[in-house]
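Excluded from the calculations below are hydrogen atoms, water molecules and symmetry mates; all remaining heavy atoms, backbone and side chain alike, are included. In this text, all values refer to a predicted model and were calculated from it rather than measured experimentally.
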Amino acid sequence: MADKGEKPIIHTLRDALLHFAVKSKKLASPLLEPFGRASEPATVDDDELTALRSKLLRIRATLRDAESLSVTDRSVQLWLAELGDLEHRAEDVLEELEYESRRSAQLEELKLDLLRAAKNGKRRREVGLLFAAAPARRLRRKIDGIWARYEEVASDRRKLRLRPGDGAPRPAASALVPSSAHPRGCGGLHGRERDAKRVAALVRAPPDNGRGYAVVPIVGMAGVGKTALVQCVCNMADVRSHFDMTFWIWISQEFDVVGVTRKIVEAITRSRPDCDELSTLHELIVEHLAGKRCLIVLDDVWDDNPSHWDCITAPLSCCAAGSTVIVTTRSKKVAKMVNPKLYHLKCLSDDDCWLVCRRRALPNINTNIKQELVEIGKQISKKCGGLPLAGEAAGSALSNSISWEHWKEVLENGLWAGSEAKNLVLPVLKVSYDHLSSPLNRCFAFCSLFPKGFVFDKDVLVQLWTAQGFVDAEGDCSPEVIANGYFKGLVSRCFFHPSPAHDIGEGKFVMHDLYQELAQFVSGNECKMIQHPYSMKIDESPRHLSFVDEESYSVEEMHLNTFRGHHDLRTFLFIARTEQNQEKMTFRTKIPSELITDFECLRALDLSNTNIMELPKSIGSLIHLRYLALDNTTIKTLPDSICALFHLETIKLNNCSSLTQLPQGIKLLLNLRCLEIPHSNIQMPSGIGELTRLQRLPFFAIGNEPAGCGIEELNELVNLRGHLHITGLNNLDGAQAATANLWNKLGIQKLTLEWSELTNFNKPLCDPQGNAVGGISDRQGPGFNAAKDQVLKCLKPHSDLEELSIKHYNGSFSPTWSGWLPLDRLASIELKDCHNCEELPPLGCLPSLKHILVQSLPRVKLVGPKFYGDVGDIASSSDRRVCNVFPALESLKFRNMKAWEEWCGVKKISEYGEAHTSSK
């Protein structure tokens, strides 16, 4: 057995040999490459790799062309599906080849570090296997399989070219029935009395847009009753008497300037014009409308090109003052184009929707039905989500038989089980889907993985879309910017609505139940959502799979072996309907290690709200993984193998209170754009600064240990945005704080700066290397306070910061605050537990400040002129200067201010700043 003195020598010699082995392997690799390996053939040469990339581009182009066609031939649909499968397989193999070329170069250093830290032979063997290369024969088989499958599929359709008979351009408006000024059917509108009065008032109101006529845009989702409402308004006596002439033009999707202008001329002259010259058509409009007060309805407008709109409406300036143009549309973008002051038509109440349903189910208003049928009917109409079109479809389904058995069957089978709903509602909704671009089609269909009533987080959805490759590159724009544009496009077309249960700034949205049904319809077999534990067996082979919690089995344990064999799965999500806590986990799961290995093509994995305690080491084999969510789990550590997932873009660890540190090699994840860690006490390794693509890093914990993360790591993270919370600032001096360069993080909207609590100040002050630089006696003089002031001064943020929170700061604000200005967009500030601060910073000069919270500043005695911005005595200031103090203030709260004795100027603050103060 080695002597104690010999151990360091042995360890040093072992490290040196390991280092030599790694370096010699890296140096020898390119020299041995031409000869291949004795045991395994070479994988693929450059020419074959180029050819594979070329074939993938051709396949992708063919599929994108097919998306613009309406393909009804089943054999062609099957061929396109096979082509899509081939596209995914080629993508996976190309990524695997690229990964293998990077693996040896990027992982060997980490492997060396882990081998050095290994305490026994078993651990060293584990590390050796952790980053082992993929068997070359397996890659070779995959490539050969792709070539063979390509030749087989290509021969079916003449080398990937669609024949003319394979499909025609998708018809734009085949599902829509033209409208007119006369309402279809009989009976009045239910639940629209207030809307009708408001729109009638807008129609008769004088224009406020600088033109001689008013424009009233009415926007709402498909089937909400926009056309029916305008028909009702046009036939109101006071509206008819207000205008000399009323014209109705149905626009729909087939839009060209000349064609629409011809429709307007035809509506005015009641004869079809025999010319296509735009100037002549404009002259005809002017000739017939000059000097007349007109009401013109443009129903179902889709085109959002402002120049087209200007060209169509150009001759309407000849109308008499008081004329009005009504525009109905499903698109908020169109509505805002014609007039920023739009009228949003919302869904009906459940009671009004039942009246619509009953009118269709029972055309004879005198028909008496039993109360039990009324109750069933109300339950059915509630499923319509306030959509009148769905209410009519439900009524049609119920009208087949006025019997308890039939109505109960409709209720239990669901609205979409019958042909009435599918034939009446689905085509109308699908027109909106067909009008989307191909990327938006894919993004919307992906939403079928989420249940009805689910509250979507916009940022999470953007991350998932990006992980799946749904986002098309556009110049220098980041994927997040493009994907956010997709989301805004879906919102503007009424596919999403802001969640009424959340503030508008929280980014929470909901989708109407019928649009959720539409998403499930258009996604086909690509997406599968499982909501019942007894339907876990999947006959098809979906690419995206989700499991939704239900209260009925929230305490049952689910065995996931059912999903074995789905090798092509790209998404696997556990979805909780509501936020969970660790005391009551939604999912009870067993996740076998082999299952993770089976999902070798996985791009997104969400195990949030499960009782998983550790990830299997085999997760390192998921080399395509981009999105990993483990929110609200009891996971304690992340395996080192996670550092081999070079494609990872998002790691979410929110509310993982048992997690104490991140893996040492996380700095290798250079594609990481979002790292959400659970709390400020987590140990962050050095090297975070190398993740220069990071955009979301809610917590940044400055470490005390030599291997910990220093604040200088923030210097290169210039792409950070949203909220940044920095902790551990008590270990810094001004020079170190300045290395963070917070002023150049222009995307940060909210900044939290946190020092250690006062109770921890017996701990020696250390530099970033862990060396003690001072004791408790050094912290009680002016030198220590000046050092703290310098730290705060060097943490100056950019001037467009919106929210600021400072906690446990033990310096003073006055000399520092002026160096931070201007902060013209700062809307909220919190000062908490600043035990050495004797006066408040001058906040009164901030023009956008709305909310102030001052809590636990026990040495502040006076709140006075300096707090208001050094404008002197408020009581004696001029009115003009007083008005500049806190011009936007809405709330001012003081809590736990033990030494506070005097408050000067409170009357003026309350008068001019509209402050609402809480008691001391």
Side-chain angles (χ1 to χ4, degrees), residues 67 217-222 224 226 253 301-306 308-309 327-347 429-450 454-512 515-516 518-519 522 627 649-650 673-674 695-696 719 721-722 746-747 749 800 802:
E67 288 175 349
I218 301 175
V219 65
M221 62 184 293
V224 80
K226 301 180 294 294
Q253 295 181 89
V301 178
W302 293 74
D303 188 89
D304 56 13
N305 188 322
H308 290 174
W309 169 255
V327 175
T328 68
T329 180
R330 302 182 187 186
S331 169
K332 292 179 183 177
K333 187 175 181 180
V334 171
K336 290 180 179 179
M337 175 189 70
V338 301
N339 189 348
K341 297 180 180 179
L342 54 85
Y343 189 88
H344 193 285
L345 188 61
K346 298 180 180 179
C347 294
L429 297 181
K430 194 171 182 296
V431 169
S432 294
Y433 171 81
D434 291 338
H435 199 260
L436 299 174
S437 62
S438 295
L440 267 67
N441 284 148
R442 295 191 291 271
C443 292
F444 172 71
F446 186 82
C447 296
S448 64
L449 294 175
F450 300 88
F454 183 77
V455 178
F456 291 87
D457 185 297
K458 180 192 70 171
D459 292 335
V460 171
L461 210 49
V462 163
Q463 290 164 351
L464 287 169
W465 290 344
T466 304
Q468 296 302 333
F470 295 158
V471 180
D472 291 343
E474 296 179 10
D476 295 331
C477 289
S478 70
E480 290 79 10
V481 170
I482 300 170
N484 270 289
Y486 291 170
F487 191 87
K488 289 179 181 177
L490 291 173
V491 171
S492 71
R493 293 169 175 84
C494 299
F495 285 86
F496 288 104
H497 303 277
S499 170
H502 296 81
D503 293 335
I504 192 68
E506 293 185 58
K508 305 291 186 180
F509 291 81
V510 293
M511 181 182 289
H512 194 281
Y515 275 98
Q516 199 72 35
L518 176 65
V522 298
Y627 179 95
E649 298 171 349
T650 300
R673 310 176 81 87
C674 173
Q695 295 183 4
R696 292 177 64 88
N719 295 312
R721 61 189 66 248
L746 303 182
Q749 297 170 302
D800 289 330
E802 297 177 13

Shortest non-hydrogen contact from [X] toward [Y]:
X	Y	value
Val327	Trp309	CG2-CH2, 3.7 Å
Val219	Ala335	CB-CB, 4.1 Å
Asp304	Lys333	OD2-CD, 3.3 Å
Tyr515	Cys494	CE1-O, 3.9 Å
Leu429	Leu518	O-CD2, 3.7 Å
Phe496	Cys447	CZ-SG, 3.7 Å

From [X] [atom1] over to [Y] [atom2], what is the distance, rounded to the nearest 0.5 angstrom?
X	Y	atom1	atom2	answer
Met337	His308	CE	NE2	10.0 Å
Tyr627	Cys674	OH	SG	8.0 Å
Leu464	Thr650	CG	OG1	8.0 Å
Thr329	Asp303	OG1	CG	10.0 Å

Within-4.5 Å side-chain heavy-atom neighbours: [X] and [Y]:
X	Y	result
Leu440	Phe495	no
Arg696	Gln463	yes
Tyr486	Asp472	yes
Met221	His497	yes
Arg330	Val431	yes
Ser331	His435	no
Lys332	His344	yes
Arg673	Ser478	yes

Problem set entry | Under 3.5 Å donor-acceptor, Trp465 side chain and Cys443 backbone | yes
For this session: Given side-chain contact (heavy atoms from CB on, under 4.5 Å), test Met511 with Phe444 step by step and report yes or no.
Result: CA-CA 11 Å; Met511 181 182 289; Phe444 172 71; 3.8 Å; yes
Exercise. What residues, two or more places apart in sequence or in another chain, satisfy side chain to side chain donor-acceptor pair (under 3.5 Å) together with Tyr433?
Worked result: none
Problem set entry | Partner residues of Asp457 under the side chain to side chain donor-acceptor pair (under 3.5 Å) criterion, sequence neighbours left out | Lys508
For this session: Would you check if the distance from the ring center of Phe487 to the ring center of Phe509 is below 6.0 Å?
Result: yes
Problem set entry | Verdict with reasoning, Glu480 to Val471, per side-chain contact (heavy atoms from CB on, under 4.5 Å) | CA-CA 9 Å; Glu480 290 79 10; Val471 180; over 6 Å; no
